[in-house]
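Below: the structure, in structure tokens.
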Amino acid sequence: MVNTVKLYQALLRATMKLAGLRPRKIEIEPGTIMNFWAPTQSQNNTKNAVVFLHGFVGDGMMTWHLQVLALAKKYAVYVPDLLFFGSSATGDSRRTVDFQAECVAKGLLALGLQRCTVVGFSYGGMVAFKLAELQPELVESVVATCSIPAMTESMSKECLEKLGFPTWSELLLPNSVSGVKKTVGSHRLPRIPNRVFKDSLKVIFNNKKEKAELLEAFVIPDKDFTVPEYSQKVHLVCGKEDKMFSVETMMEFKEKLGTKATLECIEKASHLAIWERPFVYSKCLKRILASIYDKRSNEFCYE
């Protein structure tokens, strides 16, 4: 029987190609391969570049295909799969957010990219912040969606208590259909058949050992983190009903980030705002990118 998720992925690959992107496997270092959806060389010479970094559920293509369709005509769009997602993998033992960011940077440089805006969702937002910190000459600005610069132990404990899970692995690496439903059950998504949940276990929630190691590594001691002084403009976007990173939490981080930060909230959306209200989110993203590159837009995303 055909796996519905694999069939959906085949359709998404065709969609990405129609948008002018092609998959490129980049050898970051021996034993480390990272897959990037990238524009052809003839398409990216005159456009401003936007890099999309996905979260912990799904790969780059599954997370960002609607935004790719919305933006590819105006921008040079790059969508990597982070390590152990999609077609990316490594034999290296490092599992930190820092290592993910280093690999993304090397891959982008190998593709000839010199300057970009990085858009990150959830876990991908943390990678985006780290990329901005490590490579300020590469990253012009950051758009962090439902994300914060780092997950400290105290923040991790608070988030898990609010969500009702003992560990991140139990939340993000389910082993059953009921577990998948719990992972997405609190969000405003369309009704999904049980068959899709079952098929997703085989395709989306794979590489469990390595991903569990990623989840263990992304939580850091409170004493090891202070908010960096980013040289870039930082745009925070959140769902107004997000239980993981509440509006209040995002406002606190905005204050810590200082005058270079903005915060915009999407109504009737929680942590999966990019999937719950994709068209509102895309409009919001277009306005933010216009404020970066066109220097004209000052609209907000309250809808």
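Throughout, numbering of the chain's residues begins at 1 and tracks the sequence. Values reported hereafter were calculated over all heavy atoms of this structure, with side chains retained and with hydrogens, waters and symmetry mates removed.
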Which pairs count as salt bridge (Lys or Arg N to Asp or Glu O under 4.0 Å) when at least one residue sits in residues 55-70, sequence neighbours excluded?
none

Does a side chain donor of either T15 or H65 reach within less than 3.5 Å of an acceptor in the other side chain?
no

salt_bridge(E102, K106) N-O dist < 4.0 Å
no

State which residues pass side-chain contact (heavy atoms from CB on, under 4.5 Å) with Q135; sequence neighbours excluded, sorted by chain then number.
A105, L131, E137, L138

Counting N and O atoms only, with roles assigned by atom type, does the side chain of R22 sit under 3.5 Å from a partner on the main chain of K17, one being a donor and the other an acceptor?
yes

Distance-only polar pair, side chains of Y75 and T117, donor-acceptor under 3.5 Å:
no

Given D222 and S154, is the side-chain hydrogen bond (donor to acceptor under 3.5 Å, both in side chains) satisfied, shown in steps?
CA-CA 7 Å; D222 288 55; S154 60; 2.4 Å; yes

My understanding is that a hydrophobic cluster links ILVMFWY residues whose side chain heavy atoms are under 4.5 Å apart, including indirect links. Using that, what else belongs to the cluster containing L134?
none

Anything under 3.5 Å between a donor and an acceptor, one on a side chain of residues 165-173, the other on a protein residue two or more places apart or in another chain? List them.
residue : atom : partner : partner atom : Å
T167    : OG1  : E170    : N            : 3.1
W168    : NE1  : S156    : OG           : 2.7

Who passes ring-ring contact (aromatic ring centres under 6.0 Å, His included) against W37, sequence neighbours left out?
none

Distance-only side-chain donor-acceptor flag, Y123 / S147, under 3.5 Å:
no

Going through the checks in order, is the side-chain hydrogen bond (donor to acceptor under 3.5 Å, both in side chains) test met by S270 and D242?
CA-CA 4 Å; S270 58; D242 192 341; over 6 Å; no

With no hydrogens and no angle check, is any side-chain donor or acceptor of E133 less than 3.5 Å from a backbone partner on Y230?
no

How about F245 and H271: are their ring centres within less than 6.0 Å of each other?
yes

Check ion pair D294-K74 (N to O, under 4.0 angstrom)
yes

Restricting to salt bridge (charged side-chain N to carboxylate O under 4.0 Å, His left out), what partner residues turn up for R13, sequence neighbours left out?
none

Strictly by modelled atom types, are N206 and K211 linked by a side-chain donor-acceptor pair under 3.5 Å?
yes

Any donor-acceptor N or O pair under 3.5 Å, side chains D92, T32:
no

